[in-house]
2 protein chains.
Amino acid sequence: MDTAISAITATDGVTLQRRAYDELRRLIMQGLIAPGQKLSIRGAAHALGVSMMPVRAALQRLESEGALVGRGGKRVMGIPDLTADAYREIRAIRVELEGLAAERAAGQVTDAQVAATTAHCVRMQAAAEAGDRAEYIAANWDFHLSIYQACGMPTLVAMIEGLWIRVGPYVATMMPDRDALIRSMPAHWDIVAALKARDGRAARAGIASDIGTSGATLIAALERPRAAGKRRGQAK
Amino acid sequence: MDTAISAITATDGVTLQRRAYDELRRLIMQGLIAPGQKLSIRGAAHALGVSMMPVRAALQRLESEGALVGRGGKRVMGIPDLTADAYREIRAIRVELEGLAAERAAGQVTDAQVAATTAHCVRMQAAAEAGDRAEYIAANWDFHLSIYQACGMPTLVAMIEGLWIRVGPYVATMMPDRDALIRSMPAHWDIVAALKARDGRAARAGIASDIGTSGATLIAALERPRAAGKRRGQAK
DNA sequence: GCTCCCTTTTTGTGATCACATCATGCGGCG
DNA sequence: CGCCGCATGATGTGATCACAAAAAGGGAGC
């Protein structure tokens with residue numbers, strides 16, 4: 001089996017389509033579904049060990065969120081292509097939304113939440129120095145999420161998550177090298193400092209700076225002509 | 001039949017679930033599904049004249065977008081309650097997103113697009129003076145949409161639509177009176193002027209002003225204690 | 001008259017099946 | 001040797017059915 005999809009089981013009150021959605025979402029976020037890989041309802045259903053129905057609902061929901069797109073005449077689904085222009089758009093939106101979230105969070109964050117965010121930043125620092133990309137990505141997400149959740153705006157956090165899932169498959173694939181990871185850390189510590197100072201303006205500026213610098217690396221990778229071997233991999 | 005849902009038919013290449021989704025979305029947007037009204041899969045399927053399957057997919061998608069919410073222990077769906085706080089959150093997000101869209105649009109809008117936006121503003125002006133709320137709402141949406149589409153950011157436009165559908169049922173229900181409609185017009189004309197001048201900063205400010213003033217009316221209505229007769233209406 | 005419990009109905013979830021459509025591969029013909 | 005056509009398989013869509021859980025309705029007991 002050349003897919004990362006593993007079987008799910010029915011548990012207590014959680015519906016199968018919810019478990020299928022969560023599992024597929026996690027795989028996409030972590031870049032375990034390669035761009036170009038084809039996902040069919042029957043194939044994913046077989047890999048997950050359930051019937052077509054819950055998988056169909058999960059895939060349709062992921063499609064409505066932009067995490068997947070109908071490919072080859074809507075016949076099969078796959079990771080949407082991310083052009084440099086599309087990413088520039090997402091980046092511009094992120095600056096607005098995550099800037100807003102950070103600004104609001106700075107105004108009402110508790111000491112405990114600042115401590116949690118700081119801990120995530122320490123994790124990022126360690127992962128960057130160790131060159132552990134997967135850990136860096138996970139810690140980076142936890143870091144940002146811990147800030148945004150502190151603003152008490154659930155709709156906003158959900159929208160931000162919807163943006164991250166679109167770039168997730170690509171940041172996981174084309175990750176910058178160790179030096180770039182280390183260079184990204186000062187901006188993150190600036191954000192922590194802004195939170196500690198309860199400075200909303202500085203927090204927004206720090207987020208914008210972080211998005212801008214990390215985005216530059218990804219845009220460069222996206223504009224680089226793709227490798228030859230594409231359209232590989234099959235679900236089942 | 002005490003519901004506004006009317007039957008849909010299969011046409012050429014459009015899937016039934018797409019037609020069901022579009023129809024239900026339109027009804028929600030226009031406030032034709034009252035808050036508190038219960039929507040069941042079987043009931044809506046019967047009203048639409050199709051089986052449960054396409055309706056189920058449509059309702060699940062609308063739920064994932066926040067346009068509907070599982071009510072009464074996820075047993076039945078309905079319009080989500082809109083608290084004043086929830087609306088304040090949406091309003092804050094709208095200021096960022098629609099401000100961004102207007103700012104970008106002002107920088108690259110064509111003369112033809114400005115003319116179309118102006119025409120929608122004229123429609124709004126006429127509807128406001130005539131006290132035609134339904135026409136005002138429709139023209140207002142066309143006005144804003146024509147601006148946002150000019151910025152060439154499809155993801156951003158989709159996100160803005162996702163915000164409008166959440167407040168749609170309530171703006172259609174608790175609409176301000178004629179005087180408030182007329183008072184809202186100068187801000188809209190300011191936006192048109194900003195577009196003509198290709199002034200991005202002014203366009204963003206105009207949008208923020210419009211959202212702020214129109215939002216004040218709705219917040220006042222939301223904070224007013226609800227009428228007694230709630231939880232009425234049935235689909236089917 | 002009110003409350004509690006049991007029966008009936010309604011509802012969402014998931015599985016299986018039927019069907020039209022599209023891709024694919026194989027064989028024959030030029 | 002290359003190209004076209006047909007047949008076979010794969011796929012998404014939609015319908016129907018089975019099942020468990022939750023809601024609703026009614027009747028008996030206090």
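Residue numbers begin at 1 in each chain, while the letters A, B, ... track the order of the sequences.
Judged as a side chain to side chain contact (heavy atoms under 4.5 Å, CB included), and not counting sequence neighbours, the contacts of Ala92(A) are Leu100(B), Arg104(B), Met153(B). When the side chain to side chain contact (heavy atoms under 4.5 Å, CB included) test is applied to Asp22(B), the partners found at least two apart in sequence or on another chain are Arg18(B). Contacts of Gln108(A) classified as side-chain hydrogen bond (donor to acceptor under 3.5 Å, both in side chains), with partners at least two apart in sequence or in another chain: none. For Glu63(B), there are no side-chain hydrogen bond (donor to acceptor under 3.5 Å, both in side chains) partners, not counting sequence neighbours.
In the set dG14(D), dT13(C), dT13(D), dT13(D) carries the atom at the smallest distance from any side-chain atom of Met52(A). Comparing atom distances between the Leu16(B) side chain and each of dA15(D), dT13(C), dA15(C) picks out dA15(D) as nearest. Taking only side-chain atoms of Ile41(A), from C-beta outward, the nucleotide of dG12(D), dG14(D), dT13(C) with the closest atom is dG12(D). Distance from the side chain of Gln60(A) is smallest for dT13(D) among the nucleotides dT16(D), dT13(D), dT13(C). The side chain of Ser51(B) has dT16(D) as its nearest neighbour among dA15(C), dT13(D), dT16(D).
If you check distances only, the side chain of Arg56(B) does reach the base of dG14(C) with a donor-acceptor pair under 3.5 Å.
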Could you tabulate the donor-acceptor pairs under 3.5 Å formed by side-chain atoms of residues 154-168 of chain A, not counting sequence neighbours?
from: Trp164(A); atom 1: NE1; to: Glu98(A); atom 2: OE2; distance (Å): 2.9
from: Arg166(A); atom 1: NH2; to: Glu65(A); atom 2: O; distance (Å): 3.4

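Comparing Leu59(B) and Pro54(A) by the nucleotide of DNA chain C whose heavy atom lies nearest to each, the residue mapping closer to the 5' end is Leu59(B).
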Inset, instruction - Go through the steps to decide whether Asp81(B) and Arg71(B) satisfy the test salt bridge (charged side-chain N to carboxylate O under 4.0 Å, His left out), and finish with yes or no. - result: CA-CA 10 Å; Asp81(B) 287 332; Arg71(B) 298 203 142 276; 3.0 Å; yes

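Atom pair His46(B):NE2 and dT11(C):C1' shows a separation of 16 Å (rounding to whole Å applied). As a whole-Å value, the separation of Met53(B) CE from dC17(C) P is 15 Å. Distance, Arg71(A) CZ to dG12(D) P: 14 Å, rounded to whole Å. To the nearest angstrom, P of dT13(D) lies 6 Å from CD of Gln17(B). In this structure, Arg18(A) places its CZ atom 16 Å from C1' of dG12(C), rounding to the nearest Å.
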Identify all pairs in which a protein N or O lies below 3.5 Å from an N or O of nucleotides 19-26 of chain C, and state each distance.
from: dT21(C); atom 1: O2; to: Arg75(A); atom 2: NH2; distance (Å): 2.7

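Partner of Glu23(B) under the side chain to side chain donor-acceptor pair (under 3.5 Å) criterion, chosen from Arg26(B), Arg19(B), Arg25(B): Arg26(B).
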